[in-house]
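A short worksheet on the structure shown next.
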Amino acid sequence: MVEHDALTATREAYDAAAPTYAELFRDTLRDRPLDRAILGAFAEVVRASGDGQVADLGCGPGHVTAYLNELGLSACGVDASPTMIKLARQAYPGLRFDVGSMAELDIADGLLGGVLSRWSIIHTPPEELPVILAEFHRVLAPGGHLLLGFSASEDASHPTQAFDHTVALAYRWSPDHLAAMLREFGLAEVARMVREPQPTDRRQFQEIQLLARKA
């Protein structure tokens with residue numbers, strides 16, 4: 001596995017935060033009906049196009065991987081943090097979780113019907129993101145779907161905007177710019193969901209979920 005400074009820093013930060021993170025986010029989908037809806041749509045299109053094999057990349061403590069499995073997908077999780085993977089394996093012993101990097105996935109070409117990247121690209125420096133998008137394309141089967149979640153930048157004229165994520169340095173993206181990048185890697189946007197920040201949200205950022213399909 002090729003190590004990058006940003007990856008190492010992010011892995012170490014999430015290793016340290018893993019127990020707290022798992023406790024805070026274990027039931028997060030319960031109070032987010034829109035997230036459940038887009039995940040349900042993702043599961044439906046993946047099942048319709050193949051055998052339902054999905055990788056949850058940047059899976060953290062595994063709660064979303066488990067939800068995908070409940071939706072009828074054959075879901076596995078990958079995360080750079082060994083501590084996160086340890087917690088995921090403990091919480092969901094019937095599912096597969098592996099330590100790995102999104103830049104070098106140990107997954108065969110064209111194997112997957114779906115890739116979920118739920119706020120897992122936000123710690124990737126912009127200059128390194130093309131490598132990851134190329135990996136998403138490589139592991140997806142023709143007709144496979146990618147669901148990509150991220151926070152939106154405020155100024156469309158600037159494709160990225162750094163912000164303090166507390167755990168590690170993170171980046172927001174212009175949705176149109178990121179959709180254009182996906183097209184460059186053979187992933188055509190199918191739909192997007194925009195969630196406006198609520199008054200109680202700690203960060204007043206739009207949340208974007210882009211659904212794209214490999215030709």
Side-chain angles (χ1 to χ4, degrees), residues 6-7 9-11 13-18 20-42 54-68 75-81 83-85 87-88 97 100-103 105 114-126 128-129 132-133 135-136 145-154 159-175 177-179 181-182 187 189 191-198 201-212:
L7 174 61
T10 300
R11 180 180 61 235
Y14 274 98
D15 275 344
T20 300
Y21 188 97
E23 183 65 27
L24 287 174
F25 291 96
R26 180 178 294 115
D27 297 322
T28 186
L29 289 175
R30 180 184 58 195
D31 300 320
R32 297 177 71 92
L34 294 178
D35 285 18
R36 296 197 306 273
I38 193 68
L39 288 170
F42 171 68
V54 169
D56 179 7
L57 304 180
C59 65
H63 57 294
V64 179
T65 317
Y67 185 71
L68 294 177
C76 65
V78 178
D79 200 280
S81 164
T83 305
M84 285 289 196
I85 292 299
L87 292 174
F97 295 96
S101 165
M102 291 188 296
L105 294 167
V115 166
L116 176 66
S117 174
R118 183 177 166 84
W119 277 266
S120 57
I121 65 163
I122 65 171
H123 299 297
T124 302
E128 296 180 14
L129 187 59
I132 289 173
L133 299 184
E135 278 292 270
F136 291 170
H145 286 80
L146 164 70
L147 182 59
L148 185 65
F150 57 97
S151 297
S153 61
E154 296 169 349
T160 62
Q161 183 176 359
F163 70 97
D164 181 6
H165 181 270
T166 304
V167 178
L169 178 65
Y171 301 88
R172 294 189 278 160
W173 285 84
S174 159
H177 180 81
L178 198 45
M181 289 186 68
L182 291 176
L187 297 164
E189 180 180 355
R192 74 176 69 177
M193 185 180 80
V194 180
R195 179 183 179 273
E196 296 293 338
Q198 303 302 300
D201 290 347
R202 184 165 67 89
R203 297 189 184 89
Q204 293 295 295
F205 304 157
Q206 283 185 334
E207 294 182 355
I208 310 296
Q209 300 201 49
L210 281 178
L211 181 64

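Within the 4.5 Å cutoff, side-chain heavy atoms of Trp173 are placed close to those of Leu129. In this structure, Ile121 and Leu178 have side chains that are in contact, with non-hydrogen atoms separated by less than 4.5 Å. Contact check for Glu128 versus Leu7: no side-chain heavy atoms found under the 4.5 Å cut-off. Using a 4.5 Å heavy-atom cutoff, the side chains of Leu57 and Ile132 are not in contact. Using a 4.5 Å heavy-atom cutoff, the side chains of Cys59 and Ile85 are in contact.
Remark: Glu207 pairs with Arg32, Arg195 by the salt bridge (Lys or Arg N to Asp or Glu O under 4.0 Å) rule, at least two apart or across chains. Here Tyr171 pairs with nothing under the ring-ring contact (aromatic ring centres under 6.0 Å, His included) rule; sequence neighbours left out. For Ser174, there are no side-chain hydrogen bond (donor to acceptor under 3.5 Å, both in side chains) partners, not counting sequence neighbours. Partners of Glu154 under the side-chain hydrogen bond (donor to acceptor under 3.5 Å, both in side chains) rule, at least two apart in sequence or in another chain, do not exist in this structure. Judged as a side-chain hydrogen bond (donor to acceptor under 3.5 Å, both in side chains), and not counting sequence neighbours, the contacts of Thr83 are Asp15. By the side-chain hydrogen bond (donor to acceptor under 3.5 Å, both in side chains) test, Glu196 pairs with Gln206, sequence neighbours left out. Every residue meeting the side-chain contact (heavy atoms from CB on, under 4.5 Å) condition with Ala212, not counting sequence neighbours, appears here in chain and number order: Leu182, Leu187. Pro175 pairs by the side-chain contact (heavy atoms from CB on, under 4.5 Å) definition with Phe150, Ala152, Arg192, Ile208, not counting sequence neighbours. A search for side-chain contact (heavy atoms from CB on, under 4.5 Å) contacts involving Leu147 returns Ile38, Leu39, Phe42, Leu116, Gln209, Leu211, not counting sequence neighbours.
Here the side chain of His145 pairs no donor or acceptor atom with the backbone of Val115 at under 3.5 angstrom. In this structure, the side chain of Arg36 engages the main chain of Leu29 through a donor-acceptor pair within 3.5 Å. Of the possible donor and acceptor atoms, none in the side chain of Glu189 sits under 3.5 Å from a partner among the backbone N and O of Ala179.
Separating the NE2 atom in His63 from the CZ atom in Arg30 is a distance of 12.0 Å, to the nearest 0.5 Å. Annotation: the span from Ser120 atom OG to Met102 atom CE amounts to 4.0 Å, rounded to 0.5 Å. With rounding to the nearest 0.5 Å, the separation of CG in Leu87 from OG in Ser81 is 8.0 Å.
In terms of heavy atoms, Phe97 sits closest to Gly62 at CE2-CA, 3.7 Å. Taking both residues in full, the closest heavy atoms of Ser153 and Arg172 are given as N-CB, 3.7 Å, listed atom of the first, atom of the second, then distance.
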* **Candidate pair Tyr14 and Asp79, rule side chain to side chain contact (heavy atoms under 4.5 Å, CB included), full reasoning** => CA-CA 10 Å; Tyr14 274 98; Asp79 200 280; 5.5 Å; no
